[in-house]
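Keep in mind that this is a model prediction, so the values were computed, not measured. Whatever order the structure lists ligands and atoms in, that order sets their numbers, starting from 1.
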Amino acid sequence: MDFRGKTVLITGASRGIGAECALEFARNGASAIVIGYHKSEDQALALEATLRDAGVNAMALRADVRSARQVAAMFQKANAAFGPVHILINNAGISRFGLFTDIGEEEWDEVMDTNCKGMYLCCKEALPHMISDKDGAIVNISSMWGQVGASCEVHYSASKAAVIGLTKALAKELGPSNVRVNCVAPGVIQTDMLANVAPDIQRELAEDTPLMRLGTPGDIAKTVCFLCAREAGFITGQVLGVNGGFVI
Ligand code: NAP
């Protein structure tokens, strides 16, 4: 894989899977990397410094992906610094747990807007350049729960299923413009998102996984990079499960 000459924008890159994607793109030669973040400014700036020390043009930019105005400002700043975005990784996301009957309207909107509307807003900003250049790659991060549904995570599952529908429809629309759109559906991955899952439940999840372990951010980041690479040039509209066999 060789991303020389490419500018990559990753949402939710301050921590977890998004941060590891930034490091993986850097390891594979990306020219410029935009670290999208919301609240974790210190972590985003530390990652920016790490990437710069490694000789990569990196910039941490704050934007709540639920806000059209903030997303537009992030793309304007990225464009001014590094030129158009060639690769967009829609990774920012939140999970919430609870019985369906207890989900309030505000929490429903928070999950849907962060996990799904944010992708719509980022794609809208990235696409004009990608379409006119007839070159671009987008990877959207869904979840295996978007494929099969999770009890007590109805809003999360619904938002992640929407990501799959968005990916497939957009891939069909953008194929003639040579813009590829794919989706990664992670299984259980060791990040801060698991903080609310008790250690014994995490052990059970690992035991229920055919490959007998939880996933790492690196498992996802390598897949994301592959889907954006020239080597995946005939792959679009696909949902790649990276879940150790948990969902087959
Ligand atoms: P994480 O460690 O909790 O990180 C979440 C990231 O999303 C953070 O960088 C956070 O930014 C960002 N974010 C949250 N709300 C945002 C908003 N409104 N605007 C902009 N950025 C926002 O989670 P993760 O495990 O790396 O998850 C990354 C993606 O993978 C998510 O879409 C998640 O649903 C998906 N996924 C994770 C797992 C898993 O087991 N970990 C499984 C399947 C799918 P700040 O910290 O700066 O606020």
Seminar exercise, completed: Besides Val154, the hydrophobic cluster formed by Ile, Leu, Val, Met, Phe, Trp and Tyr side chains linked at under 4.5 Å, directly or via other members, contains Phe100, Ile103, Trp108, Met112

For this session: Determine, for Asp135 against Arg180, whether the closest basic-nitrogen to carboxylate-oxygen distance falls under 4.0 angstrom.
Result: no

Exercise. Can you list the steps and then say if Val184 with Val139 is a side-chain contact (heavy atoms from CB on, under 4.5 Å)?
Worked result: CA-CA 7 Å; Val184 173; Val139 171; 3.9 Å; yes

Problem set entry | With sequence neighbours excluded, residues passing ring pair (Phe, Tyr, Trp, His ring centres under 6.0 Å) with Tyr37 | none

Exercise. Is the shortest distance from a Lys or Arg side-chain nitrogen in Glu41 or Arg62 to a carboxylate oxygen in the other one below 4.0 Å?
Worked result: no

Exercise. Any idea which residues sit under 4.0 Å from ligand 1, heavy-atom distances?
Worked result: Gly12, Ala13, Ser14, Arg15, Gly16, Ile17, Tyr37, His38, Lys39, Ser40, Ala63, Asp64, Val65, Arg66, Asn91, Ala92, Gly93, Ile94, Thr114, Ile141, Ser142, Ser143, Tyr156, Lys160, Pro186, Gly187, Val188, Ile189, Thr191, Asp192, Met193

For this session: Name all pairs fulfilling the side chain to side chain donor-acceptor pair (under 3.5 Å) condition that reach into residues 187-208, sequence neighbours left out, sorted by first residue then second.
Result: Arg15-Asp192

